[in-house]
Amino acid sequence: MPGVILSARHLQGFIPLWILFIRNKMFSCYRMKTNVVIRLVLLLTVCTYAVKSQTATPVLTPADLQAKITTNTVILKQPHCYFNETCPTCEIWLVPALSSATSTFDADRTNSNILSLSPYPSAFGPLAKNYFLTKVGLLSTFPCSASSDSLYFVVGADGNCTTVNCNGILPTGSVVRFKYVLVNGSGIIINETNWSANITLFTPQNPASIYDGFIARSGAMVVITTILSVAAGLLLLLFFIMLCVVCCRKKESKSITARSSMPQPIPARSSMPQPITVRSSMRMPRYDTHNLNDRVHPYDNPAYELEREK
Amino acid sequence: MASGGLACLMFTLVALNILAAAASLALFAVAIWVVVDGYKLYAISAVSGKDDIFAAAWIAIFTGFAFFLTCLFGIFAAVKRSRRLMLVYLIVMFIIFIFECASAITAATNRDYLVGNSNLVKKQMLQYYTDDSSKGNQITDTWNRVMQEVKCCGADGPADWITFDSTYKTKFPNSFSWPPNCCEKLSNSEVKDPISCRDGGITLFKKGCFQHIEWVLSHYTWAVNWYGFAVLMLVFFMLLLAMVYYIQLD
């Protein structure tokens, strides 16, 4: 039976534990309750039976390979230790089937021509059986002792082949299940594993469906744009202010120098030195125009002059 | 203002101009480094029509050199204490300032578009790798070189070739799931271990190339935009000082 070796190992594991448990209980001087004993025995029996009836299941290879599942190929773990028989002419074959076709194969497996019942070229299609069989190797090449995670079997390695039992590629994007079967010298299936879990092959998407538009603005770009825009604007503003200030000062200085350049009588009164005021960078001597009070000056405001006299 | 203060301002202005001249000469050199494209990834931005990172670098070459010359002129104008010369200096500096701003902003924006995420690079690779057009030849050469030099495959990983249809897959349907350049090669450019390459074993490069491409293009961008930004900030404060100096002159 397929599960015998596995169950013996598990049993060996359980017995020492059980004995230890009993011994501990006795040494700790607690009285063994009967229901505990019954529970333990039941558990052990259940475990043994479960382990005994366990059969192997094909799995994906645990090795670190990137092409474990592609659009039309799968890489499985090699069938080491899956079958217990020792017939020299027996071969292990693989049955890749669409997940909808597992029942079809299970119904066909007792057929004496099972190996050529569904040849690969016509295996997949709307009215086809949707499974095929391909040879993995002689049973003797997969002994238990050589079991290793780095050994693998590529389903679909032969590409789009044409022979009856070749290792051809699977339909793109389909959901497949696998089963290893043991076939004797006359082409009869004498043992088999369970069906593997559903494996979904990739359906390749159209690259035009990738959205390559603008995703998001990075913080750097926002910072640079805002700060530089503000700086440039500020510079422009300050530049115009500077020009205005300079132009205004030019006008003022022009008006002051225009005033002081008008022809005047020589003043007799004040001989005091005129105070010199400084307004920012312009040195503006303040002229005392009291001497012009007698005269009418075009730039003087008579009303203001009258007020000053009062 | 006392003449002592004016002299102090003049010396400060001259010193800042010397500093800005040196900094803008460095900007000129860095922009040349970007334009020369030592990593030879220009094709990736050119084929997508978004090569503004390199356009920004060209602008930075010109503005860097122009800043250098104008700063030397500014030293002369400051020492001469001439209002007219200072005005010319300010106007020219401002114009160059605007251009350099444009360069920095363009580089930053374009980088986001190209390598914000791996979609654009991935789509370009899937569509143009082994394509027969001139764009296809450029992309094929670039990717072949990058995959072998950086030891990477695909944009995010070899799975890109499986998850998506591609021109490569349409052209070579019976070949490996990914291009042979994704695997280790011997010196005569034969694949070292075809079985391991086909099954995705140890001789297949497992990491994606997008990280490297993003690194290179980001560094090109930062050279132009952040360094340009630094130079611009220096020039901004120097121009403020120059404007004050201009007002103080008579």
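First the proteins, then the strands, lettered A, B, ... as listed; each starts at 1. Since we're looking at a predicted model, the values are computed, not measured.
Sparse packing is recorded around CD1 of B:I202, with 12 or fewer heavy atoms of other residues, nucleotides or ligands lying under 6.0 Å away. Other residues, nucleotides and ligands contribute only 12 or fewer heavy atoms inside 6.0 Å of the NZ atom of B:K192. In this structure, B:E214 places its CD atom where more than 12 heavy-atom neighbours from other residues, nucleotides or ligands lie under 6.0 Å away.
The shortest side-chain heavy-atom distance between B:V224 and B:V30 does not fall under the 4.5 Å cut-off. Contact check for B:F237 versus B:L16: no side-chain heavy atoms found under the 4.5 Å cut-off. The shortest side-chain heavy-atom distance between A:V176 and A:Y131 does not fall under the 4.5 Å cut-off. Considering only heavy atoms from C-beta on, A:P119 stays 4.5 Å or farther from A:F132 through its side chain.
Of the two parts of B:F97, only the side chain, counted from C-beta on, holds a non-hydrogen atom closer than 4.5 Å to a non-hydrogen atom of chain A. Using a 4.5 Å cut-off between heavy atoms, B:D199 contacts chain A through both its backbone and its side chain. Interface residue B:R198: backbone and side-chain heavy atoms are both found under 4.5 Å from chain A. In this structure, chain B has a heavy atom under 4.5 Å from the side chain of A:Y152, while its backbone stays farther away. For B:M233, the part lying near chain A is the side chain, with the backbone staying farther off; criterion is any non-hydrogen pair under 4.5 Å. Using a 4.5 Å cut-off between heavy atoms, B:T163 touches chain A through backbone and side chain atoms alike.
Between chain A and the options B:F229, B:F176, B:F94, the largest number of non-hydrogen pairs under 4.5 Å is found for B:F94. Interface check for chain B: of the options A:L243, A:I227, A:N206, the most heavy-atom pairs under 4.5 Å are formed by A:I227. Comparing A:N160, A:V222, A:L238 by heavy-atom pairs within less than 4.5 Å of chain B, the highest count is held by A:L238. The greatest number of non-hydrogen atom pairs below 4.5 Å with chain A, out of B:A159, B:S196, B:A108, is found for B:A108. When each of B:L120, B:I98, B:I162, B:N225 is scored by its heavy-atom pairs under 4.5 Å with chain A, the top score falls to B:I162.
Between B:C182 and B:C197, a gap of 2.5 Å or greater is found separating the two SG atoms.
Remark: the B:T167 side chain and the B:D131 side chain contain no N/O donor-acceptor pair separated by less than 3.5 Å.
Among residues 57-80 of chain A, the residues having any heavy atom closer than 4.5 Å to a heavy atom of chain B are, in sequence order, A:D64, A:L65, A:Q66, A:A67, A:I69, A:T70, A:T71, A:I75.
The aromatic rings of B:H219 and B:W222 sit tilted, their planes meeting at an angle between 30° and 60°.
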Worked check of ring pair (Phe, Tyr, Trp, His ring centres under 6.0 Å) between B:W161 and B:Y129:
CA-CA 11 Å; B:W161 295 105; B:Y129 186 79; 5.7 Å; yes
